[in-house]
Amino acid sequence: MRIPVREVTPGCETAEICGFVHEVRDLGGLAFLLVRDRTGIIQVTVPKKKVAPHIIDAVRDVSRESVVRVKGTVRAIDKAPGGREIIPEVFEVISKSESPLPLDVAEKVPAELDTRLDSRFLDARRPRVAAVFHIRSAVAQAVHEYLFSAGFVNITTPKIVAAATEGGTELFPIAYFEKEAFLNQSPQLYKQMMIGAGFEKVFEIGPIFRAEEHNTTKHLNEATSIDLEMAFADQNTVMEILEDLIVSVYRKVEKDCGPFLEAMELDGFSVPKTPFPRLPYAEAIEIAGKKTDEPIRYGDDIGTAAEKAIGEEMGGHYFIVDWPTAIKPYYAMPYEDDPSICRAFDLMHPRMELSSGAQRVHQYDLLVAQIREKGLNPESFSFYLTPFRYGMPPHAGWGLGMERLVMTMLGLPNIREAVLFPRDRHRLVP
RNA sequence: GCCCAGGUAGUGUAGUGGCCUAUCAUGUCGGCCUGUCACGCCGACGACUCGGAUUCGAAUUCCGACCUGGGCGCCA
């Protein structure tokens, strides 16, 4: 009966393990075979005098990264990693690996990201790479747990759509029989429609697609969005949910992912403190104006240099609130007493934007007016607008980038490190 | 979309006109080695993205193609 490597302890008498050959060190009369499964690496020790010759020959012949089965006696010994080793009685090569390998799984020699992504299945055998995706899985689990326990309903909305959600960004056109169609850039309109359907609290974790030809370490053409929408809530309510969610995700990772955090050899992992500061847009602009050479005026969008300067000043997660209505999408609710600013917010990490959200416009006439002001045609949104004519609760929500959350949490240098099979300007395979 | 940088063994690199029959590491193969843990030692194998140009001579300069990384804009 196979057991995980981690469960082989000095107290075991015998053990059977399966895994990949991480390394073979042949010292002549003594050979060491390191076998790796997803729980760890164990040493199989082959002394010439105690092990059958056919096993010794097989161990010497096996290529790195082959899949093997080893059964034998467990010996407690301080000199071995983990304080134990297996002396094999059975050694079987289940699946032989070809050589040379496209990249070095044992990480003696580094590999460039491009090389790694070409052979992602091998790259992901590296413990420090695998750790990222185990942690990402825990993040997804934490988000689900948090939102379900807060009474949110999980929904799934179409990824093939007929129109843009907010204009601006480029969409991927696709062939949909005789019709024009696109991959969705955001579930925004659909989650709002479910507020119109009376669901009150909804969320979705799903793919979004942006056809922008950007070439940066923080953009993807296919990303995962954690999206939430809540009825009878304003922007402040959903901001509180957002910061609370972020903290509970960090706590989950801290609690459940110790070995993975260790494998990553992170400098520091710490749970952010709440509440995150609420920085009005006008003040953010002021900070950026003082700290950067580039002139920035009220009403400008916050560019990369400004974002970096403000991030340095704030030093941790923070919200930028009270944005000018002119630079936010049509569905953001303007303040009643000053319609030039709106109830929109961005959640920022010092490195980049993580989330944006707002209280939404729920009044049909105002929404149509704002769509027109953005130079868009309300008729192409009629499927979206119709629910606003038949009773629409006031509501607010946000979208949070899953990859950016993982990237900033783990200090990854490139967002592609947070996706198994990234889609960027040049990469469509694997 | 604009701009910049780059492409050398399986992998990661050195090499800016002749000293390149191309460096080093890792790997692979062969040999030696009974406590390795980046095992060590000896030997071998393996590469200048493609096409054109300049030149007596090009990995190195120029032009084009293809591929890649990054910055900006925009955004999650």
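Throughout, a chain's letter reflects where its sequence line sits, starting with A, and its residues are numbered from 1.
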Original post:
Quick one: does A:Pro275's side chain get under 4.5 Å of A:Glu243's, heavy atoms only?
Top reply: yes

Original post:
Using atom C1' of each nucleotide, how far apart are B:rG17 and B:rU13 to the nearest Å?
Top reply: 22 Å

Original post:
What's the closest nucleotide to the A:Asn215 side chain, out of B:rU11, B:rG70, B:rC74?
Top reply: B:rG70

Original post:
Is a donor-acceptor pair below 3.5 Å formed from side chain A:Glu85 to base B:rG35, judging by atom type as modelled?
Top reply: yes

Original post:
Does the separation of the ring centres of A:Phe269 and A:Tyr250 fall below 6.0 angstrom?
Top reply: yes

Subject >> Nearest-Å distance once atom P is located in both B:rU23 and B:rA9 >> reply: 13 Å

Original post:
Which whole-number value in Å describes the distance from A:Ile246 CD1 to B:rA76 C1'?
Top reply: 12 Å

Original post:
Given atom CG of A:Leu242 and atom P of B:rA76, what is their separation to the nearest angstrom?
Top reply: 13 Å

Original post:
Under the 3.5 Å rule, do the base of B:rC75 and the side chain of A:Arg404 count as making a donor-acceptor pair?
Top reply: yes

**OP:** Starting from P on B:rC72, measure out to CD on A:Glu212 and report it in whole angstrom.
**Re:** 15 Å

**OP:** Indicate, with yes or no, if the rings of A:Phe203 and A:His144 have centres closer together than 6.0 Å.
**Re:** yes

Original post:
How many angstroms lie between CG in A:Leu189 and OG1 in A:Thr157, if you round to the nearest 0.5 Å?
Top reply: 9.5 Å

**OP:** With the side chain counted from C-beta on, respond yes when A:Asp346 and A:Leu354 share a heavy-atom pair under 4.5 Å apart, and no when they do not.
**Re:** no

**OP:** Kindly indicate whether the side chain of A:Glu112 and the base of B:rU68 share any N or O donor-acceptor pair separated by less than 3.5 Å?
**Re:** no

**OP:** When you get a sec, tell me which of B:rU36, B:rA76, B:rG70 is the closest nucleotide to the side chain of A:Glu353?
**Re:** B:rA76

Subject >> Nearest to side-chain heavy atoms of A:His426, which nucleotide of B:rG73, B:rG69, B:rU28 >> reply: B:rG69

Original post:
For the base of B:rC74, is there a side-chain donor-acceptor partner from A:His214 under 3.5 Å away?
Top reply: no

Original post:
Expressed in whole Å, how much space separates the P atoms belonging to B:rC3 and B:rU61?
Top reply: 22 Å

Original post:
Which nucleotide, in any strand shown, forms a Watson-Crick or G-U wobble pair with B:rC2, with both distances under 3.5 Å?
Top reply: B:rG71

**OP:** For A:Asp114 and for A:Arg75, locate the closest nucleotide of RNA chain B by heavy-atom distance; then report the residue assigned to the nucleotide nearer the 5' terminus.
**Re:** A:Arg75

**OP:** Assign A:Lys49 to base, sugar-phosphate, or nothing according to its heavy-atom contacts below 4.0 angstrom with the strands shown.
**Re:** base

Subject >> Distance, C1' atom - from B:rU16 to B:rC62, rounded to whole angstrom >> reply: 14 Å

Original post:
Whole Å only: how far is the NZ atom of A:Lys108 from the C1' atom of B:rU26?
Top reply: 8 Å

**OP:** Examine B:rG70: is either OP1 or OP2 under 4.0 Å from a nitrogen or oxygen in the side chain of A:Arg416? Give yes or no.
**Re:** yes

Original post:
Between B:rG70, B:rG27, B:rC74, which nucleotide gets closest to the side-chain atoms of A:Arg64?
Top reply: B:rG27

Original post:
Can you find a side chain N or O atom of A:Asn221 that sits less than 4.0 Å from OP1 or OP2 on B:rC75?
Top reply: no

Original post:
When only distance counts, do a donor and an acceptor, one from the side chain of A:Arg60 and one from the base of B:rG31, lie under 3.5 Å apart?
Top reply: no

**OP:** Give A:Ser63 one of three labels, base, sugar-phosphate or nothing, depending on what nucleic acid heavy atoms sit under 4.0 Å from its own.
**Re:** nothing

Original post:
Any idea which of B:rG35, B:rG27, B:rU11 is nearest the A:Thr115 side chain?
Top reply: B:rU11

**OP:** Please state the P separation for the pair B:rU21 and B:rC48 - nearest whole angstrom.
**Re:** 14 Å

Subject >> Cation-aromatic face contact A:Lys201/A:Phe152, 6.0 Å, 45 degrees >> reply: yes

Original post:
Nearest to the side chain of A:Pro100 - B:rG12, B:rG73, B:rG27?
Top reply: B:rG27

Subject >> Between C1' of B:rC75 and CZ of A:Phe172, the distance in whole Å >> reply: 13 Å

Subject >> Spacing between A:Arg116 atom CZ and B:rG10 atom P, to the nearest angstrom >> reply: 20 Å

Original post:
Should the ring pair A:His317 and A:Phe276 be called parallel, tilted or perpendicular, given that the plane angle runs from 0 to 90° and is split at 30 and 60?
Top reply: parallel

Subject >> Between B:rC33 and B:rC24 - P atom distance, rounded Å >> reply: 28 Å

**OP:** Would you mind telling me which of B:rA76, B:rU28, B:rG73 lies closest to the side-chain atoms of A:Ala223?
**Re:** B:rA76

Original post:
Counting only side-chain N and O atoms of A:Thr304, is one of them less than 4.0 Å from OP1 or OP2 of B:rG73?
Top reply: yes

Original post:
Where the side chain of A:Val109 is concerned, which of B:rG35, B:rU28, B:rU11 is the nearest nucleotide?
Top reply: B:rU11

Subject >> Closest-nucleotide 5' rank along RNA chain B - winner of A:Ile208 and A:Arg427 >> reply: A:Arg427

Subject >> Nucleotide opposite B:rG30 in a Watson-Crick or G-U pair, distances under 3.5 Å >> reply: B:rC42

**OP:** Quickly work out the A:Arg126 CZ to B:rG12 C1' distance and round it to whole Å.
**Re:** 10 Å

Subject >> Whole-Å P distance, B:rG35 and B:rG46 >> reply: 35 Å

Subject >> Interatomic distance where CG belongs to A:Leu412 and P belongs to B:rA76 [whole Å] >> reply: 21 Å

**OP:** Indicate, with a heavy-atom threshold strictly under 4.0 Å, whether A:Leu27 touches base, sugar-phosphate, or nothing.
**Re:** base

Original post:
Just by modelled atom types, is the A:Arg404 backbone N or O under 3.5 Å from a matching donor or acceptor in the A:Thr408 side chain?
Top reply: yes

Subject >> Inter-nucleotide P distance (B:rG43, B:rU36), Å rounded >> reply: 24 Å

Original post:
When you check the phosphate oxygens OP1 and OP2 of B:rC74, does a side-chain N or O of A:Thr216 lie under 4.0 Å from one of them?
Top reply: no

Original post:
Of the nucleotides B:rG12, B:rG69, B:rC75, which one has an atom closest to the side chain of A:Asp301?
Top reply: B:rC75

**OP:** Look at the side chain of A:Leu220 and decide which nucleotide, out of B:rA76, B:rG73, B:rG35, has an atom nearest to it.
**Re:** B:rA76

Original post:
Looking at A:Phe91, does the NZ or CZ of A:Arg69 lie under 6.0 angstrom from its six-membered ring centre and within 45 degrees of the ring axis?
Top reply: no

Original post:
Counting any heavy atom closer than 4.0 Å, what does A:Glu307 reach on the DNA or RNA strands: base, sugar-phosphate only, or nothing?
Top reply: base

Original post:
Are OP1 or OP2 of B:rA76 and a side-chain N or O of A:Ser356 less than 4.0 angstrom apart?
Top reply: yes

